[in-house]
Amino acid sequence: MRKKQKLLAVGRFVILAIFLLIIVVPIYWMFVTSLKTQTEIISLDVKYWPEHLTFGNYKALFAGGQFMLYVKNSLIVATSTAAIVTIITIMGGYALSRYQYKGKKLTILGFLVTQMIPGTMILIPTYIILSSLDLTDTLLGLIIYYVAGNIPFCVITMQGFFLNIPVVIEEAARIDGCNRTQTLLKVVLPIMLPGIIAVFIFAFIGGWNDLLGGIMFLTSEERRTIPVGINLFVQKYSIQWGEMTAAAFLALIPSCLLFAVAQKYLVDGMTSGAVKG
Amino acid sequence: MQKFGKKAEPHIFMTPAYIMMLVFMGYPLVNTIRMAFLNYKVSRPDDISFAGFGNFEKIFADANIGMITKHSIIFVAVTLFFQFTLGFILALALKKPFKGRGIYQAIVFCPWAFSGTVVGLVFKWMFNGEYGLLNSVLMDLGLIERKISFLGTPGLSLVSVIVALVWQGIPFFGIMILAALQSVPEELIEAAKIDGAGSLKRFLNVTVPYIKPTLVVTVLLRTIWIFNNADLIYTMTAGGPANTSHNLSSYMFTKAYATLDYGFASALGVLFMLGLTIYILWFFKITKYNQAGDNA
């Protein structure tokens with residue numbers, strides 16, 4: 001029995017090590033490439049660690065000034081998307097979790113159905129709407145598109161967080177003389193803060209990562225977001241792998257850090273939203 | 001008046017969500033269906049006319065569609081299978097706590113937050129036919145004699161895209177299944193142990209039924225997401241060579257973006273949604289989803 005357990009522990013360790021390797025290698029390779037010189041990058045004799053370590057790619061990236069512009073645009077778009085989505089889904093999640101009313105099931109069903117609509121299909125009619133509102137090639141247009149895309153999933157997740165909070169707490173606050181709004185703002189939302197942060201981060205990452213909306217709606221160079229900028233690197237005839245991997249690596253840092261924060265709470269909200277909803 | 005106010009309350013809270021959904025989801029959906037029956041090219045806005053089933057006929061006459069549909073199905077089935085299996089194994093390995101599990105999870109689950117663009121780009125670079133890491137490693141191991149053009153060979157490019165997407169998708173299943181596994185009450189497993197069930201039996205008869213709702217929902221959501229994935233393919237291969245690594249979604253995007261033939265792309269979208277709906281109904285039926293919640 002002892003022996004069997006030991007064997008199991010070793011097996012588990014091996015499995016975990018293999019997974020770690022699988023996940024880390026591409027990230028490692030991206031990082032290492034960003035530290036190589038162009039000559040070394042396009043050498044047929046591939047080196048697993050740079051012979052001449054250089055930060056030249058990062059310098060070149062910032063020297064152009066364009067990349068900072070992409071970062072700024074992406075920050076504006078992702079932050080605004082996340083803020084708007086959070087507010088709208090707090091309201092929606094509250095309504096769905098705390099009221100019984102006609103048509104509630106239909107609304108939830110509607111949100112789920114939108115998850116099945118191919119995003120690429122929605123792009124075309126959205127482009128038409130945005131152009132009739134004179135919002136193509138604006139960051140605002142992109143934000144609206146991302147907000148709409150993130151609402152269904154986030155509202156269901158938010159509802160899950162609300163369901164995790166016992167109604168008793170609210171009733172107690174009501175007895176103490178708080179009205180509904182005060183109860184929500186002063187009692188419920190503070191308890192839910194981790195969940196709210198998780199939804200904010202989820203929507204932020206969504207806006208930060210999206211490529212196709214940016215390609216479809218934006219035409220001016222000064223409005224490009226990071227994924228659009230990175231993708232343009234790829235489409236070029238002679239690809240600057242060094243600068244591109246540097247850009248990609250930098251683009252990952254915010255989403256990875258935020259994700260590490262939100263990971264646990266996001267799962268809580270998703271599982272309870274799915275089970276109880 | 002008081003009563004009306006009470007009744008309206010949830011709807012007041014829902015109003016912003018309603019508006020966004022109706023204007024930017026509902027209307028586009030209806031408009032897509034309408035456009036599918038129109039001759040609608042953005043390049044010729046004055047020349048919009050009723051097309052009947054003309055766009056659908058064009059789809060069936062399109063030489064690529066048969067192949068791309070076939071590839072889409074392979075693409076989804078293979079990707080989903082590996083994402084799910086590997087994610088499940090990872091979740092099982094992570095179930096018992098160990099020192100450093102928090103950090104391990106933060107690293108291994110991280111690709112969930114990666115954009116399709118970045119993942120597509122990194123794998124495009126790793127699979128590069130001349131300077132790529134994969135070729136170099138395979139040569140060093142003596143497995144190949146000559147460098148392979150992974151992304152330039154029909155068939156291999158589809159495999160490469162699948163590998164990238166599996167890599168990106170393992171964390172999603174890992175996280176969700178791990179959360180589900182941790183919600184299985186210890187008593188249930190103990191009781192089965194006392195009844196003399198071996199570890200495999202406990203897993204199949206206690207754990208799996210208990211987490212079935214999560215498994216069903218995650219598989220369903222993921223299938224749709226893989227089907228709809230376009231950005232990774234667009235960045236990594238742009239569907240090439242000769243459209244062999246397209247799925248329906250990336251093909252639709254390329255068509256809409258490059259030819260601006262919205263009628264054609266919309267008709268494709270409509271067929272696409274029909275297919276997904278049939279799949280979902282079938283999926284609910286075979287998983288008996290309505291009864292899946294009974295154990296929870």
Side-chain angles (χ1 to χ4, degrees), chain A residues 12 15-16 19-20 22-24 26 29-30 33 41-42 44 46 88 91-92 94-95 99 101 110 114-126 128-129 144-145 147-148 151 155 205 209 211-212 215-216 227 230-231 234 241 244-245 248 251-252 255-256 259-260 263 267 271 274-275, chain B residues 9-10 13-14 16-17 20-21 24-25 27-29 31-32 89-90 93 104 106-118 121-126 130-131 133 136 167 175-176 179-180 213-214 217 221 224 228 230-231 235 249 252-253 256-257 262 265-266 269 272-273 276 280 296:
Chain A
R12 196 165 82 116
I15 289 173
L16 288 173
F19 271 105
L20 189 64
I22 292 174
I23 297 298
V24 167
W29 194 240
M30 171 173 38
T33 305
I41 288 170
I42 48 164
L44 290 172
V46 178
I88 292 180
M91 294 167 66
Y94 186 75
Y99 292 89
Y101 60 93
T114 60
Q115 295 296 292
M116 294 159 196
I117 303 173
T120 39
M121 192 177 96
I122 288 295
L123 274 171
I124 306 165
T126 307
I128 296 172
I129 299 175
I144 292 174
Y145 168 70
V147 167
I151 284 178
V155 90
I205 292 176
N209 280 349
L211 167 72
L212 301 182
I215 290 187
M216 198 80 176
I230 291 179
N231 195 65
V234 183
W241 288 107
M244 196 165 67
T245 44
L252 287 185
S255 38
C256 272
F259 174 71
Q263 193 208 112
V267 174
T271 42
V275 173
Chain B
E9 255 178 48
F13 281 121
M14 289 297 287
M20 288 305 287
M21 287 300 99
F24 291 98
M25 286 279 175
Y27 175 70
L29 190 61
N31 207 8
T32 302
I89 295 173
L90 179 61
Y104 183 91
I107 297 170
V108 169
F109 288 157
C110 204
W112 195 26
F114 288 15
S115 63
T117 318
V118 168
L121 169 112
V122 172
F123 278 83
K124 185 188 174 84
W125 174 228
M126 289 211 312
E130 290 159 275
Y131 321 116
L133 176 69
S136 172
W167 184 85
I175 295 172
M176 298 305 286
T214 308
V217 171
L221 275 179
I224 297 165
N228 291 343
D231 54 355
T235 304
S249 195
M252 192 162 73
F253 178 78
Y257 185 64
Y262 284 9
S266 300
F272 194 101
M273 274 210 50
L276 266 183
I280 289 161

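Residue numbers begin at 1 in each chain, while the letters A, B, ... track the order of the sequences. Remember, predicted model here, so these are calculated numbers, not experimental data.
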Any side-chain heavy atom of [X] within less than 4.5 Å of one from [Y]?
X: Phe253(B); Y: Ile215(A); answer: yes
X: Ile151(A); Y: Met21(B); answer: yes
X: Cys110(B); Y: Ile23(A); answer: no

Chain B contact via [X] - side chain, backbone, both or neither, heavy atoms under 4.5 Å:
X: Ile129(A); answer: side chain
X: Val46(A); answer: both
X: Ile124(A); answer: both
X: Phe19(A); answer: both
X: Ile42(A); answer: both

Looking only at side chains, do Thr245(A) and Trp125(B) share a donor and an acceptor under 3.5 Å apart?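 Side chains of Thr245(A) and Trp125(B): no pair found under 3.5 Å.
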Could you walk me through whether Met30(A) and Val118(B) satisfy the side-chain contact (heavy atoms from CB on, under 4.5 Å) test, starting with their C-alpha distance in whole Å, then the side-chain angles of each, then the deciding distance to 0.1 Å, before giving a yes or no? CA-CA 10 Å; Met30(A) 171 173 38; Val118(B) 168; 4.2 Å; yes
Identify which part of [X] has an atom lying under 4.5 Å from any heavy atom of chain A, answering side chain, backbone, both or neither.
X: Ile107(B); value: both
X: Pro16(B); value: both
X: Ile280(B); value: side chain
X: Val108(B); value: both
X: Asp231(B); value: both
X: Ser136(B); value: both
X: Met252(B); value: side chain
X: Phe272(B); value: side chain

Using 0.5 Å steps for rounding, measure from the OG1 atom of Thr117(B) to the CG atom of Leu212(A).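 Thr117(B) atom OG1 to Leu212(A) atom CG measures 7.5 Å (nearest 0.5 Å).
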Check the pair Ile22(A) / Trp167(B) against side-chain contact (heavy atoms from CB on, under 4.5 Å), numbers first and verdict last. CA-CA 8 Å; Ile22(A) 292 174; Trp167(B) 184 85; 3.8 Å; yes
Donor-acceptor contact below 3.5 Å, side chain Asn209(A) vs main chain Gly116(B):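 Not a single qualifying donor-acceptor pair exists.
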